[in-house]
Amino acid sequence: MATSSPAPSPAASVLSGLEGICGWAADFYRGLHAHPELSHQEHATAAKVAERLGASGIEAHAGVGGTGVVGLVRNGDGPTVLLRADMDALPVAEATGLDYASHTTTTDADGNEVPVMHACGHDMHVACLLGAAHLLATDLDDWCGTLIALFQPAEETGDGARGMLDGSLADVVPTPDVALAQHVLPAPSGLVGTHAGPTLSAADSMRITLHGRGAHGSMPQAAVDPVVLAAMIVVRLQTVVARETRPGEPVVVTVGSIQAGTKSNVIPDHAVIELNVRTYSEQTRTSVLDAIHRIVDAECQASGSPKPADYELFDRFPLTSNDAETTDKVAAAFASYFGERAKPLPMQTASEDFSDIPNAFGVPYCYWGIGGIDPDAYHEAEQQGRVAQDIPVNHSAYFAPVIEPTLGTGIEAMVVAALAWLGEPNADGRQGRG
Ligand code: ZN
Ligand code: ZN
């Protein structure tokens with residue numbers, strides 16, 4: 001059999017166009033960074049995204065669940081891959097001093113005037129996904145199937161993915177075979193990392209109203225004191241992690257707010273506790289929330305509360321737990337394309353609502369991180385043992401990824417991971433449209 005040099009991989013072929021798009025992708029990124037919008041207010045961002053998809057010849061659907069946007073590339077028979085980027089910014093006053101820094105202020109959902117900054121790097125996610133979608137849409141000979149490029153609003157408030165699902169998402173897109181997403185992290189730019197299993201924590205906030213009986217501070221016999229009740233509960237809640245959780249299992253229960261009373265000599269009639277829970281398995285999540293209910297109910301009974309406590313759950317984020325088989329496939333594609341730049345991703349304490357989308361479709365997913373920090377600055381901080389002090393993290397007023405190689409790496413990661421499904425030959429062995 002005659003030998004010739006092997007044909008380039010689909011990823012190498014598709015990504016051969018990367019250099020040609022980095023210019024507009026970087027401009028797009030700088031434009032978004034300078035003009036961030038808060039959760040549920042991503043109107044201008046969504047319009048720019050839809051316009052850019054159109055310029056790449058991609059069918060765009062705007063207004064999916066509010067400000068969500070979906071791009072669709074149908075390229076014959078084959079798998080359907082959903083790539084997701086979030087679009088919202090945070091009420092943070094930017095302090096980076098960059099020439100494309102945000103000076104934006106806006107009115108938040110409570111009517112307050114607040115500064116706005118892309119302090120979590122979602123602007124980078126958007127630019128990367130637009131770049132990846134463009135490269136795939138303009139090189140249809142190197143893959144087959146359907147690409148869904150999903151631009152999600154309101155990740156920071158935890159309800160943007162749910163909003164798109166409650167909107168018309170399932171009417172606009174076919175059910176994907178797999179869903180993929182990435183986040184820029186405070187790690188050296190150029191690196192990409194993922195791992196199978198729990199990756200980001202589930203988060204639950206709870207507001208608990210405790211009922212007592214108010215009385216004069218000098219006549220405690222007439223009262224059921226909610227201040228003492230709340231204090232007992234706060235102490236007892238510490239045992240959920242210390243005495244009910246397997247050592248080594250990461251769980252956080254933090255009581256972040258406790259409010260009762262107005263005056264030293266008045267016993268109030270109620271107290272309000274707000275707490276936050278972080279867990280890394282659905283089983284643990286359920287048992288921790290159950291334990292909180294059990295302890296609060298029992299302490300109320302022990303105090304003689306006139307009525308049971310009221311519970312309100314809010315700011316809830318699902319667990320992000322990468323499917324093992326899917327992640328193996330992504331990690332193998334990363335290792336083959338990125339070589340030494342592909343690393344394992346440590347478990348993160350943050351939370352995300354991305355998994356609501358694959359969970360609703362009942363399909364597996366993989367989530368990975370890309371570094372966003374100038375590699376020289378990172379390594380210098382590492383050598384001095386000052387990473388925690390000197391390297392800004394997401395949500396910091398100083399967090400802004402270096403554009404390159406972050407942007408290029410993020411585009412590459414999305415294309416490489418998508419092609420792990422879309423780039424496979426058809427059953428008859430041919431590559432390309434079925
Ligand atoms: Zn964030
Ligand atoms: Zn984020």
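In listed order, ligands and their atoms are each counted from 1. Residues take their numbers from the sequence shown, with the count starting at 1.
- For the Zn ion (ligand 2), the set of nearby N, O or S atoms under 2.8 Å includes none belonging to His125.
- Note on ring orientation: taking the six-membered ring where Trp is involved, the planes of His125 and His183 are perpendicular (angle over 60°, cut-offs 30° and 60°).
- With 2.8 Å as the limit, His122 does not count as an N, O or S neighbour of the Zn ion (ligand 1).
- With His293 contributing its side chain and Leu289 its backbone, the two residues share a donor-acceptor pair below 3.5 Å.
- Here the Zn ion (ligand 1) is the vertex; the NE2 atom in His395 and the SG atom in Cys120 give an angle of 100° (to 10°).
- Residues Arg278 and Thr349 bring no donor and acceptor atom of their side chains to less than 3.5 Å of each other.
- The Zn ion (ligand 1) sits nearest to atom OE2 when only the N, O or S atoms of Glu156 are considered.
- Between the CE atom in Met87 and the CG atom in Leu32 there is a gap of 9.5 Å [rounded to 0.5 Å].
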